K.L.:
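Submitted below is the structure of interest, expressed as structure tokens.
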Amino acid sequence: MSENDNLQDADGKIELNTTETPQNTEASQVAETSTSEEPKASEKTENTPEKETVSEEIKDEQAKVEKEVVSEDTTEEPLEETKDVTETVSETTKKADAHVEEIEESNAEDAEDETNAERHEVESKDYHAMSMEQLVDEFETLLSDKKIQTIKSQVDEIKSEFHSKFGELLDEKKEEFLSEGGNEIDFYFTTPVKKRFNDAYKTYRNNLNAYYKNLESNLKQNLENRLAIIEEIKGLINVEENINTTYKHFKDLQEQWRNAGPIPRDRYNNAWNSYHHHVEVFYDFLHLNRDLRDMDFKHNLDQKTKIIERAEELAKDDNINRAFRELQVLHKLWKEELGPVDREYREDIWERFSNATKTIHDKRQAYYADLDKAHEANLVKKEEIIAKIDEIAQDQPKSHQAWQKKIKEIEALRQDFFNAGKVPIKVNDATWTKFKTAVRNFNRNKNAFYKSLKKDQYDNLNKKLELIKIAEDNKDSEDFETTTSLMKKIQADWKNIGHVPRKDSDKIWKQFKKACNHYFDRMHEEKNAASKEEMAAFEEKSALLETVKAIELTGKPEKDIETIKDQINAWKSIGHIPSNKRFIEGKFNKAIDSLFGKLDMDKAKLDMIKFENKLETLSKPDDTRLLDNEQNYIRKKISEIKGEINQLENNMQFFSNVDETNPLVRDVIKNIKNHKDNLQTWKDKLRKVKSMY
């Protein structure tokens with residue numbers, strides 16, 4: 001049961017007073033459409049008896065006034081007063097103008113709590129253009145910064161937009177779930193932002209309920225107090241006492257009314273209209289003491305004239321919303337703070353106030369009409385966006401890359417749709433439905449494509465699982481030279497393998513990445529440690545090179561050869577140096593060759609010593625590639641020398657009858673001998689190389 005239902009039950013015994021037809025002209029024109037108005041055709045059966053009861057009460061009230069008038073032995077003037085009351089009753093049955101009803105409805109809403117008026121200051125933003133995260137941020141900000149009773153319209157719009165956007169996402173996730181073979185009954189989806197929204201909305205409802213619970217008892221009691229005041233005012237015309245005493249009592253009741261506090265919004269207009277009616281009846285009763293009545297009439301006329309003048313100024317204000325809000329305050333003052341004026345002015349001043357109100361109302365309507373035109377333009381934009389989505393949905397690519405491109409295009413169009421602004425309310429739901437349908441059609445085609453790829457994705461999953469096994473089997477390998485190439489290869493293979501099922505993608509990637517990172521971290525640690533050792537070796541070799549350059553030979557070949565070999569062995573014992581520092585090897589060999597060149601000994605023997613030194617450099621325990629290359633080179637040289645010898649010997653056949661003392665023949669013979677000596681040297685080198693294995 002709502003707070004209004006509770007209030008109606010509580011004061012049901014005095015329902016008649018809250019459903020009376022308002023009796024004063026100006027009050028009748030500001031009255032909100034209520035049970036006191038002329039019933040619509042569809043409502044006449046229900047409301048007519050109640051209206052008849054009210055009319056009977058008005059007739060009774062009129063009869064009382066006529067009785068009082070006759071009892072004072074008056075003739076013409078009291079009859080005129082009675083006639084005025086009758087005219088007032090008739091005129092107040094007219095339906096209030098629409099431009100005044102709008103003001104009255106808003107003031108009735110504010111009547112429950114004066115702080116309700118602060119709702120006009122709460123900014124309504126373009127929630128349609130916001131993401132779900134932004135909507136929840138805005139919701140939480142409203143809850144923390146604004147009074148709970150002032151944010152209803154903003155919360156309703158945020159709620160509508162959030163549910164629309166989340167519903168669209170939910171449909172998409174459900175389509176994906178079903179396309180992957182899921183059972184609809186097992187589908188469940190939520191997000192952290194949805195939980196935040198639910199928590200915020202729960203807080204809103206709890207706080208709002210607490211607010212109304214606190215307000216309810218006060219509103220009910222205030223309503224009962226106001227209705228009791230009306231009953232007392234009604235009874236004043238039957239009290240037999242001095243008119244001044246009665247008038248003072250009446251003014252006390254008016255003061256009590258002003259301080260009686262807020263009442264339920266659905267009873268606001270009826271209560272005030274009933275109050276004004278009986279106040280006017282009392283003033284009509286005061287015809288016997290015109291001084292008191294005229295003093296109030298004059299005061300009320302002066303104040304209402306000021307209100308009218310301010311309303312006419314507001315009618316010229318271009319700030320429509322500001323003018324409307326201040327106009328609400330003016331109507332509230334007119335209705336709640338001021339009583340009636342002399343009958344000769346009532347129609348005129350009300351018509352003037354009503355006309356100013358209508359001017360502001362019409363300008364406001366024109367303002368919203370312009371907004372409607374802007375919303376129509378937004379509708380055109382959104383229709384174009386929907387058409388583009390439909391067009392994209394009709395094209396069905398055959399590759400993952402093409403689908404990813406289209407997914408980005410659709411996401412951009414979705415954002416354009418939300419940024420396009422509001423559309424006319426009458427087509428809002430239909431436009432949203434068309435948009436969701438277009439996006440859903442695209443998603444269905446997309447899901448159908450990826451469903452067809454499922455088999456390939458599971459094949460790809462198995463391939464990647466095999467690569468993971470290789471990575472994990474080799475992550476602790478110490479053979480960095482061989483394993484590094486293998487690791488780089490499986491990383492390249494991983495990239496070339498296509499997509500795997502989404503539910504496995506992150507898991508297997510983390511597993512593969514962990515194994516690879518483990519290996520390469522170890523390798524880099526090893527390299528960093530080796531790099532320090534290699535730099536130390538480079539520094540040591542640099543110092544040794546300077547020592548070799550400074551050596552002075554003794555002139556004794558055997559001793560000098562030993563000295564040179566000692567330097568060579570010392571060089572070899574130092575160890576590896578950084579690859580970018582290997583130029584120092586060439587400098588060392590050049591320095592050693594220079595020392596060998598200074599030795600006084602047979603050239604062939606010296607050449608063999610130098611060759612043996614070279615072989616020592618090329619020889620490695622676990623790698624024969626350098627020796628293999630040297631052996632192949634020597635074999636090639638031997639083959640070339642043999643060919644040259646054969647060629648020279650063939651040439652000698654042309655000199656068979658020529659004396660060997662012939663200079664030309666002598667040169668050929670000498671050349672053949674040199675080649676044979678050289679051939680023997682290379683054969684000795686070949687034997688030496690073979691002995692190194």
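The residues of the chain are indexed from 1 along the displayed sequence. Please read these numbers as outputs of a predicted model, since none were measured by experiment.
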K.L.:
Could you tell me whether Lys388 and Glu384 make a salt bridge, using a distance below 4.0 angstrom between a side-chain N and a carboxylate O?
P.N.:
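No, this pair does not count.
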K.L.:
Would you say that Lys335 contacts Tyr268 through its side chain, given a criterion of any heavy-atom pair below 4.5 Å between the two side chains?
P.N.:
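Yes. Closest side-chain heavy atoms under 4.5 Å.
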K.L.:
So that I know where these two stand, are Phe435 and Phe418 an aromatic pair - ring centroids less than 6.0 Å apart?
P.N.:
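When the ring centroids of Phe435 and Phe418 are compared, they turn out to be within the sub-6.0 Å range.
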K.L.:
Hey, are the side chains of Tyr127 and Gln134 touching, using non-hydrogen atoms and a 4.5 Å cut-off?
P.N.:
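Result no, sub-4.5 Å side-chain heavy-atom pair not found.
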K.L.:
Taking Pro424's backbone N and O only, do any of them form a donor-acceptor pair with Asn428's side chain (distance below 3.5 Å, no angle check)?
P.N.:
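Not a single qualifying donor-acceptor pair exists.
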K.L.:
Is there a side-chain contact between Tyr204 and Ile151 in this structure, where contact means two heavy atoms from C-beta onward sitting under 4.5 Å apart?
P.N.:
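Yes - at least one pair of side-chain heavy atoms lies under 4.5 Å apart.
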K.L.:
Are Asp459 and Lys463 close enough for a salt bridge, meaning some N to O gap below 4.0 Å?
P.N.:
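Salt bridge: no.
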K.L.:
Please report the shortest heavy-atom distance between Gly421 and Asp126, naming the atom on each side.
P.N.:
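Of all heavy-atom pairs spanning Gly421 and Asp126, the closest is CA-OD2, 4.3 Å.
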K.L.:
Could you tell me if the side chain of Asp171 sits less than 4.5 Å from the side chain of Lys174, heavy atoms only?
P.N.:
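No, their side chains stay 4.5 Å or more apart.
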K.L.:
Minimum heavy-atom separation for Pro501 to Leu461, with atom names?
P.N.:
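Taking Pro501 first and Leu461 second, the nearest heavy atoms are CD-CB, 4.3 Å.
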K.L.:
For His499 and Asn460, which heavy atoms make the closest approach, and how far apart are they?
P.N.:
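Taking every non-hydrogen atom into account, O-ND2, 2.8 Å.
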K.L.:
Do you know the tightest heavy-atom contact between Thr483 and Ser477?
P.N.:
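Nearest heavy atoms, Thr483 then Ser477: OG1-OG, 2.7 Å.
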K.L.:
Which residue pairs pass the side chain to side chain donor-acceptor pair (under 3.5 Å) test when at least one of the two sits in residues 505-515, sequence neighbours left out?
P.N.:
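Checked against side chain to side chain donor-acceptor pair (under 3.5 Å) - neighbours excluded - the pairs reaching residues 505-515 are Glu472-Gln511.
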K.L.:
Kindly compute the distance separating CD1 (Ile407) from CD1 (Ile392), expressed to the nearest 0.5 Å.
P.N.:
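Here the interatomic distance stands at 11.5 Å.
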K.L.:
Which heavy-atom pair separates Ala420 from Lys381 by the least distance, and what is that distance?
P.N.:
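Scanning both residues, the minimum pair turns out to be CB-CB, 4.4 Å.
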K.L.:
Between atom CD of Gln415 and atom OG of Ser131, what is the distance when rounded to the nearest 0.5 Å?
P.N.:
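Between Gln415 CD and Ser131 OG, I get 7.5 Å after rounding to 0.5 Å.
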K.L.:
Pair up each side-chain donor or acceptor in residues 486-497 with any protein partner under 3.5 Å, not counting sequence neighbours, and list the distances.
P.N.:
from, atom 1, to, atom 2, distance (Å)
Lys489, NZ, Asp493, OD2, 3.0
Asn496, ND2, Ala492, O, 3.2

K.L.:
Roughly how far, to the nearest 0.5 Å, is the OG1 atom of Thr150 from the CG atom of Asp145?
P.N.:
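If we round to the nearest 0.5 Å, Asp145:CG and Thr150:OG1 are 10.5 Å apart.
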K.L.:
Taking the cut-offs as 6.0 angstrom to the six-membered ring centre and 45 degrees off its axis, would you call Lys475 and Tyr519 a cation-pi pair?
P.N.:
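Output no; distance or angle outside limits.
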K.L.:
Below 4.5 Å, heavy atoms only, C-beta onward: do Asn321 and Arg364 meet side chain to side chain?
P.N.:
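SC-SC contact between Asn321 and Arg364 confirmed.
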K.L.:
Atom CZ in Arg205, atom CG in Asn207: separation rounded to 0.5 Å?
P.N.:
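Between atom CZ of Arg205 and atom CG of Asn207 there are 10.5 Å.
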K.L.:
With a 4.0 Å cut-off on N to O distance, would you call Arg440 and Glu168 a salt bridge?
P.N.:
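Answer for the salt bridge query: no.
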K.L.:
Side chains of His518 and Asp476: do they bring a donor and an acceptor to under 3.5 Å?
P.N.:
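Their side chains do contain a donor-acceptor pair, which is all the 3.5 Å distance test asks for.
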K.L.:
Do His400 and Phe449 have ring centres separated by under 6.0 Å?
P.N.:
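Aromatic pair excluded; centres sit 6.0 Å or further apart.
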K.L.:
Would you say that Lys363 contacts Phe324 through its side chain, given a criterion of any heavy-atom pair below 4.5 Å between the two side chains?
P.N.:
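No, every pair of side-chain atoms sits at 4.5 Å or beyond.
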K.L.:
Nearest 0.5 Å please: distance from the CD atom of Glu138 over to the CD atom of Glu157.
P.N.:
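Nearest 0.5 Å value for the CD-CD distance: 10.5 Å.
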K.L.:
Would you call the rings of Phe187 and Phe189 parallel, tilted or perpendicular, taking 30° and 60° as the class edges?
P.N.:
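The arrangement is parallel - the two ring planes meet at less than 30°.
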K.L.:
Of all the heavy-atom pairs spanning Ala271 and Ile263, show the shortest one and how long it is.
P.N.:
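Shortest heavy-atom separation between Ala271 and Ile263 comes out as CB-CD1, 3.8 Å.
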K.L.:
Indicate yes or no: at least one non-hydrogen side-chain atom of Asn355 is less than 4.5 angstrom from one of Glu312.
P.N.:
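No, every pair of side-chain atoms sits at 4.5 Å or beyond.
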K.L.:
Run the salt-bridge test on Arg322 and Asp317 with the 4.0 Å N-O cut-off and return the result as yes or no.
P.N.:
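Yes, this pair counts.
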K.L.:
Could you measure the distance from the CG atom of Asp266 to the CG atom of Leu223? Nearest 0.5 Å is fine.
P.N.:
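Rounded to the nearest 0.5 Å, the CG-CG separation comes out at 9.0 Å.
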K.L.:
Does the distance from a Lys or Arg side-chain N to an Asp or Glu carboxylate O, for Arg196 and Glu133, drop under 4.0 Å?
P.N.:
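Salt bridge: no.
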K.L.:
Would you say Arg226's side chain and Gly261's backbone share a donor-acceptor pair under 3.5 angstrom?
P.N.:
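Such a contact is found between Arg226 side chain and Gly261 backbone.
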K.L.:
Under a 3.5 Å distance rule, please check whether Trp403 uses its side chain to pair with a backbone N or O of Pro397 as donor and acceptor.
P.N.:
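Confirmed, Trp403 side chain pairs with Pro397 backbone.
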K.L.:
With side chains defined as the heavy atoms from C-beta onward, is the minimum distance between Leu142 and Ile158 less than 4.5 Å?
P.N.:
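Side chain of Leu142 against side chain of Ile158, heavy atoms only: contact under 4.5 Å found.
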K.L.:
Please say which of Lys159, Lys202, Glu140 ends up in a side-chain contact (heavy atoms from CB on, under 4.5 Å) with Phe197.
P.N.:
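So, applying the side-chain contact (heavy atoms from CB on, under 4.5 Å) to Phe197 and each of Lys159, Lys202, Glu140, only Lys159 qualifies.
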